[in-house]
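Below: the structure, in C-alpha cells.
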Amino acid sequence: MIDAMSSLLIVSGLAFYLAGSIGLLRLPDLYSRLHALTKADNLGLGLLTAGLALHAQDLLIALKLVLIWLAVLAASAASAHLIAQHARHRETPS
Amino acid sequence: MLTAQWLYAMTGCLIVALGLRTALLHAVLLHRLIGVNVMGAGVFLMLIAVAYRGPGVAPDPVPHALVLTGIVVAVSATALALALARRLTGEQDNG
Amino acid sequence: MNTTALLVLDVLLVFSLLSLAAAALATRDASRSVILFMAFGLVLAVAWARLLAPDVALAEAAIGAGLSGALLLAAVREQPRRALSGDAKPVHERERTSIDVTLQLTVTLLCVAVAALLAWALAEAFDRGPQDTLAQAVSETLAASGVSNPVTAILLNFRAYDTLLELAVLLTAVLGILALGPARPGYQAAGPVFDSLVRWLVPVLILTAGYLLWVGAHAPGGAFQAGATLAAAAVVLRLAGHRTAGLPPGRTLHVVMAAGVGMFLVVGLSLLVLGRPFLGYPPAWAGGLILLIESAAMLAIAATLVLAFLGGRPQPAAGLSGEKRQC
Amino acid sequence: MSELLTVSALGLMLSLFLGLLRVVRGPSTGDRMLATQLIGTAGVGLLLLLSLLLKQTALIDVALILALLAAVAAAAFTGQQRETGDD
C-alpha cells in the first residue's frame with residue numbers, strides 16, 4: 001500500500017518535471033516560461049519528496065526532505081520574482 | 001576495466017583540452033580564467049574516475065581528498081587573479 | 001540500479017558536461033559564459049554524486065555551483081564592459097583577437113596532444129587494474145584516526161601537513177587580495193522580496209554550516225564544505241546591502257583569517273612539547289583535536305572566500321546606505 | 001520499486017537535459033538563469049533518487065546544499081544595484 005502510494009507520487013512528480021521542461025523549451029517568451037516553470041518543477045519536487053519520504057528509514061531523513069522542498073519552494077518564489085524584475089529592467093537580450 | 005571509469009576519465013581529458021585551449025588563446029582575461037577553471041574540473045574528473053571502483057564498492061578516498069583540496073584552492077586562485085585583473089585595469093585607466 | 005540504466009545516465013551526464021564546457025568557453029559574452037559555467041558546476045555536482053564521491057559533491061554544490069559563479073558575476077558586473085567582455089576592447093587587445101591562424105592551429109594541436117597523452121596514461125593505468133595500497137592503508141588505520149569518514153581522516157590526520165600548507169596557500173591568496181586594494185563598491189539596501197529571502201536563507205545557511213562541520217567526523221562533510229556554506233551566508237548579506245558582509249572589523253578579521261593555520265600550529269607545537277611528533281595526535285584525543293582544528297579552519301576558509309567575493313579590503317561605513325561599522 | 005526509481009532518475013536526467021538546451025540557447029540572460037534554476041531543481045530531485053538507488057544517505061545533504069546555493073546564485077545573478085559605480 002505504501003509502495004503503491006509512493007510510486008504514484010514519484011511518477012506524478014516526474015510528470016510535472018517533464019511538463020515544466022517542455023514548457024521551458026516550447027513557450028514563446030520569458031514571462032510565460034517563468035509562469036509555467038516555477039509552478040511545475042516545485043510541484044514536481046514536492047510530489048517526489050513526498051514519495052521518497054514514505055521510504056525514509058528515520059524521521060531525520062523525512063524532515064530533511066521536507067526542509068529541502070521548503071528551501072526550493074521559497075528560493076524559487078523569490079528568484080522568479082527577481083528574474084522577472086531583472087528582465088523588466090533591461091528588456092534587452094544579451 | 002569499468003566502462004564508467006573509462007567514460008568519465010576520457011571526458012576529463014577532453015575537458016582539459018577545451019579549457020587549456022581557451023586559457024592559452026582567448027584574448028579576454030575573464031574567459032581565460034573560466035578556461036583555467038574548466039581545465040581544473042577536467043583534472044578532477046580524471047582523479048575521481050581513477051578512484052571509482054564500481055557500483056556498491058567503496059571508492060579510494062585519497063583522490064577524493066585531493067580533489068576537495070583542489071576545488072578550494074582553485075576558487076581562491078581565481079579570486080586572486082580577479083583582484084589582480086581589477087588592479088591592472090584600474091592602473092591602465094588612471095595612467 | 002541496473003547497469004544499462006546507469007550507462008544511459010552516464011552518457012547523458014558526460015554529454016551534458018562536454019556541451020556545457022564547450023558552450024561556456026565558446027561564447028563571447030562574459031555574463032553568459034559565467035551562467036553556463038555555473039550550470040556546468042551544477043551538473044558536475046551530480047556527476048560526483050554518481051561516482052560515489054559525496055564529499056566532493058558537497059564542495060562542488062557549494063563552490064562550483066554557487067560561490068565561484070557569484071564571484072565571477074560580481075567581477076563581470078563591476079568592470080566597465082570593455083575591460084572584461086569582448087564587446088569593445090582597447091586596440092592592443094583587438095589586435096590580439098586576430099592572432100594569426102597558424103598560432104591558433106598550433107595551440108589547438110598542442111591541446112589535442114595533451115589530451116591524447118593524458119588519455120594514454122589513464123588507459124595504461126586502467127590496464128594495470130586498481131592500485132589499492134593507499135586505500136588499504138587508510139582503511140586499516142582509520143579506527144585510530146579519531147574520525148570514521150576516511151576523507152576527513154586523510155585531510156586532518158594522515159595528511160595533516162598538506163592541509164596545513166593548503167590553509168597557508170589560502171592565507172597567501174587572501175593577503176594578496178587585501179594588498180591589491182579596497183573592496184568593490186557595496187550594494188543598495190535590499191527590496192522587500194530580496195529581504196524576505198535573506199531573512200530565512202542566512203540563518204539556514206549558518207545552521208547548515210554548523211551541521212556539516214559536525215557531521216564531517218563520521219559522514220561526508222567537514223571544514224571545507226562548512227566554510228563554503230558559511231561564506232555563502234555572508235555573500236547573501238553583502239548582496240542585501242551589508243557592506244562588510246558580516247565580517248568582523250579590523251584586528252578580529254585578521255585573527256579569523258589566520259585561525260586555520262594558527263590552530264594547526266598551536267595543536268602541532270603543543271604535541272611536540274608533550275613529546276609526540278608534530279601533528280601526531282594521540283588516538284584518544286584525535287577526534288577532539290580534529291574538531292578543534294576544523295572549527296578554526298572553517299572560519300578561516302569562510303573569511304577567505306568572503307574576502308574573495310568582496311575583492312579587496314572591506315570598506316565599512318562610507319556614509320551612503322548599508323550598515324555602519326567602525327573599523 | 002527499484003525499477004520505478006531507476007526510470008524516474010532517467011526521466012529527471014532528461015528533464016535536466018532539456019533545461020540545458022534552454023541555457024545554451026537563451027536568448028536573454030533571464031532565460032538562461034531561469035533554466036539554471038530548473039537544472040538546479042532537477043539536480044536536487046536526481047540527487048534524492050540517487051541517494052536511494054546508490055544507497056548513499058549523504059546525497060540528501062548534497063541535495064540540501066544544492067537547493068540553498070541555487071538561491072544564493074539567483075540572488076547573485078539578479079543582484080542589487082551598486083551603491084556607487086556605473087553598472
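Below, chains carry the letters A, B, ... as their sequence lines are ordered, and counting in each starts from 1.
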So what's closer than 4.5 Å to chain D heavy atoms on V198(C): side chain, backbone, both or neither? neither
L201(C) versus chain D, the contacting section by heavy-atom distance below 4.5 Å: side chain
Only pairs under 3.5 Å count here: list side-chain donor-acceptor contacts from residues 57-66 of chain C, not counting sequence neighbours, and write none if there are none.
unit_1: E60(C); atom_1: OE1; unit_2: W48(C); atom_2: NE1; d: 3.0

Which bit of S16(C) comes within less than 4.5 Å of chain D, counting heavy atoms only: side chain, backbone, both or neither? both
Give, for atom CG of L50(D) and atom CG of L6(C), the distance between the pair rounded to the nearest 0.5 Å. 8.5 Å
Quick check: under 4.5 Å, non-hydrogen atoms only, which of residues 20-27 of chain C neighbour chain D? L20(C), A23(C)
Supply the atom-to-atom distance W200(C) CH2 to L68(D) CG, rounded to the nearest 0.5 angstrom. 6.0 Å
For V46(C) and G43(D), the nearest pair of non-hydrogen atoms, with its separation, is CG2-CA, 4.2 Å
In terms of heavy-atom pairs under 4.5 Å with chain D, the winner among L52(C), L71(C), L197(C) is L52(C)
For L46(D), is it the side chain, the backbone, both or neither that has a heavy atom under 4.5 Å from a heavy atom of chain C? side chain
Looking at CD1 of I65(D) and CG of L212(C), how far apart are the two atoms once the value is rounded to the nearest 0.5 Å? 4.5 Å
Heavy-atom pair with the smallest gap, counting every atom of L239(C) and A75(D): CD1-C, 3.8 Å
Which value, rounded to the nearest 0.5 Å, describes the distance between M13(D) atom CE and L13(C) atom CG? 4.0 Å
Considering all heavy atoms, the nearest A5(C)-L10(D) contact: O-CD2, 3.7 Å
Atom CG in L12(C), atom CG in L16(D): separation rounded to 0.5 Å? 9.5 Å
Does any backbone or side-chain atom of Y211(C) lie under 4.5 Å from a heavy atom of chain D? Answer side chain, backbone, both or neither. side chain
Chain C contact via L20(D) - which portion, at a heavy-atom distance below 4.5 Å: side chain
Evaluate the criterion side chain to side chain contact (heavy atoms under 4.5 Å, CB included) for residue pair L69(D) and L205(C); output intermediate values, then yes/no. CA-CA 9 Å; L69(D) 266 291; L205(C) 281 169; 4.2 Å; yes
Counting heavy-atom pairs under 4.5 Å with chain D, which one of T208(C), V8(C), L42(C) comes out on top? L42(C)
